[in-house]
Amino acid sequence: MKYKSVKGMDDILPQDVWLWQELESRARKELESSGYVEIRTPILEETAVFIRGIGETTDIVTKEMFTFSDRKERSLTMRPEGTAPIVRSYIEHSLGNISPVLRLYYIGPMFRAERPQKGRSRQFHQIGVEVIGSFSPYADVEVLAQLDKLLKAFGLSGYVIKLNSLGCKSDKLKFTESLKQYLADKINLLCEDCRNRVGKNVLRVLDCKKESCTQAMRGAPNILDNMCLKCARHFEEVKSSLKALGINFQETKNLVRGLDYYTATVFEITHPALGTQDAIGAGGRYDNLIKDMGGECAGAVGYALGLERIILALKGHAARKPDRNVIYIATLGDAARLEGLKISESLKDGLALPNLVVLRDMGEASLKSQMRSADRQNAKVVIILGEDEMKEKKLTIKDMRPGGSQVSVAAELVVEEVRRILC
RNA sequence: GUGGGCGUAGCUCAGCUUGGCUAGAGCACUUGGCUGUGGCCCAAGGUGUCGGGGGUUCAAAUCCCCUCGCCCACCCCA
């Protein structure tokens, strides 16, 4: 085979695409009915948007971005995530003027140059939400409640919402320092990865699964103990409101997010069906990002869902492929073929059927093989137009469902007759 | 970047251990049996770089070396 798709970038084939369309349309319906509006930002951004936005020491920025120079030596990057571009757009177009609290959503591909594995590819798709313009804990609650509802709308069950708070910027800093101090004389007890993490992102040592590290972390300082009163209250408010709404969550004190911009509330949705990449979605607050990127100070919360991972989690009890109402027009001869085209147009115009699909045969296949393909396409009705029918200005309409019969009607009456059979 | 597994028909795979007939099966696809009627049944239809390259051998899908690709896991993340 000469050409194949680029590593980690997969085709979504015709036989699978319905599920993607189904999930996307459910998401749009769900989110728009709650006042979210879609935003579409470009695939490419100036590299600096991500360095500033995600954090220059994060793994995403240091080793996972598709970055290249254009013809004028500008450094461009294919977006590895959706939040930084949206914040860029928010500032660039003063979107805060639309309304003090802006609810945005996006659906689209993201790109990270990682080694592919189950639930992880180099081009993957996210559905994400950003609420910009509020520091209130109720924004967090609204977003989480909406997220829970969206997952249910997808038909998902068995997922777990993990919740934590990192505290505000200065809390985070203080906590990072005290962790480093705590670990200063324990470096030798940690695994190789964690020794690295101490300098780069100490918080990650908290969720290392290695026995030796978990041991060493016993007695480590707690995030909650290092949190300022305001952040502690914020977190309490989020938790009690979620409980009041009946939304189940697990408080997970070692939950840490890898992107630098997260502050205060952070969360992650995991699903057991996935394998080791078990997060189907994650998000949190990013109260400093907008200011850090050059905008006015504004609070914000958001999350992103990995569509590929949602689909993996859905395997087994996936949504049913929607039923199509297929009408197949079988023709014999050139004149009939033209007439068939006209009929298919009048059927599409005249029949107000949901999911109506009118198929026509292209070539000069025998009636037998046309009937076969009609059957394979699950046609409910076949309209046969041959020489006899042309001569008499009539049509044969066959009901393909088990026990269905076949009638001959005048050409002008097709729409009516098909409606009688199908409706 | 680091481990491990796997590459034979469009798909799922057998054959490889112990080298040897024209490299197979099921599914799918096309056509026909039924010259204008689907599903079931029957029949016929394959120029497959046996992932690629090199080596060993009279002989390689099969053994050896290299390489590429895919998958799973680490790392990281949605």
Side-chain angles (χ1 to χ4, degrees), chain A residues 1-2 4-8 10 13 15 54 57-65 80-83 107-129 147 191-194 196-197 200-201 204 207-210 256-259 262 267-271 274-284 302-313 326 328 330-333 336 363 365-390 396-406 408:
Chain A
M1 198 153 328
K2 194 160 184 189
K4 50 174 77 174
S5 74
V6 169
K7 184 194 195 76
D10 302 320
L13 299 174
Q15 58 267 35
I54 303 170
T57 59
T58 57
D59 277 24
I60 291 183
V61 169
T62 56
K63 50 184 203 196
E64 294 171 3
M65 296 202 303
E81 59 104 50
T83 303
I107 300 179
M110 305 295 164
F111 305 84
R112 293 183 199 173
E114 303 176 272
R115 179 78 66 93
Q117 74 185 74
K118 186 174 185 180
R120 195 174 75 182
S121 45
R122 292 186 164 191
Q123 172 171 345
F124 59 102
H125 299 79
Q126 291 189 331
I127 295 181
V129 152
L147 169 56
C191 69
E192 203 185 315
D193 290 324
C194 280
N196 262 321
R197 292 195 260 241
K200 249 174 43 185
N201 190 354
R204 287 234 84 103
D207 67 355
C208 183
K209 293 140 220 142
K210 295 225 171 61
V256 168
R257 304 266 74 233
L259 286 68
Y262 286 116
F267 51 90
E268 181 175 287
I269 320 296
T270 60
H271 196 283
L274 280 245
T276 56
Q277 309 297 313
D278 65 349
I280 59 176
Y303 66 80
L305 298 171
L307 265 173
E308 283 80 357
R309 292 186 183 180
I310 301 241
I311 286 170
L312 281 175
V326 177
Y328 198 100
T331 60
L332 294 165
S366 66
L367 182 60
K368 179 189 175 66
S369 72
Q370 294 189 51
M371 293 302 287
R372 258 192 211 145
S373 40
D375 186 56
R376 213 171 318 132
Q377 297 286 344
N378 248 314
K380 294 198 169 145
V381 166
V382 174
I383 294 170
I384 301 168
L385 236 189
E387 284 164 25
D388 300 349
E389 285 85 353
M390 289 300 283
T396 302
I397 300 177
K398 177 166 176 151
D399 185 344
M400 295 289 276
R401 293 167 300 186
S405 56
Q406 179 170 316
S408 177

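As a basis for the values below, the full set of heavy atoms in this structure was taken, side chains included, without hydrogen atoms, waters or symmetry mates. Keep in mind the model is a prediction, meaning the values are calculated, not measured. In the text below, chain A, chain B and the rest are named by the order of the sequence lines, each starting its count at 1.
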TODO: Name the nucleic acid region contacted by A/E387, choosing base, sugar-phosphate or nothing; use a 4.0 angstrom heavy-atom cut-off, strictly under.
DONE: base
TODO: Could you tell me whether A/E268 contacts a base, only the sugar-phosphate backbone, or nothing, with contacts defined as non-hydrogen atoms closer than 4.0 Å?
DONE: nothing
Open item on the list: Can you see if the side chain of A/Q117 gets near the phosphate of B/C74 - specifically, an N or O under 4.0 Å from OP1 or OP2?
Closed with: yes
- [ ] Examine B/C72: is either OP1 or OP2 under 4.0 Å from a nitrogen or oxygen in the side chain of A/T276? Give yes or no.
- [x] no
Open item on the list: What I want to check is whether an N or O donor and acceptor connect the side chain of A/R115 with the base of B/C74 at under 3.5 Å.
Closed with: no
Open item on the list: Once you apply a heavy-atom cut-off of 4.0 Å, does A/G283 come out as touching a base, just sugar-phosphate, or nothing?
Closed with: nothing
Task: Side-chain N or O of A/K4 closer than 4.0 Å to phosphate OP1/OP2 of B/G69 - done: no
Open item on the list: Base, sugar-phosphate or nothing for A/R112? Non-hydrogen atoms, less than 4.0 Å.
Closed with: base
- [ ] Give A/S369 one of three labels, base, sugar-phosphate or nothing, depending on what nucleic acid heavy atoms sit under 4.0 Å from its own.
- [x] sugar-phosphate
TODO: Check the distance between B/G32's P and A/Q370's CD and give it to me in whole angstrom.
DONE: 12 Å
- [ ] Output the single nucleotide from B/C76, B/G38, B/G36 whose closest atom is nearest the side chain of A/K398.
- [x] B/G38
Show every donor-acceptor pair shorter than 3.5 Å between a side-chain atom in residues 277-284 of chain A and any protein atom, with sequence neighbours excluded, or say none if there are none.
none

Open item on the list: Please tell me if A/R376 has a side-chain N or O lying less than 4.0 Å from either OP1 or OP2 of B/A28.
Closed with: no
Open item on the list: Check this for me, if you would: do A/R122 and A/E114 make a salt bridge, where the nitrogen-to-carboxylate-oxygen distance has to be below 4.0 angstrom?
Closed with: no
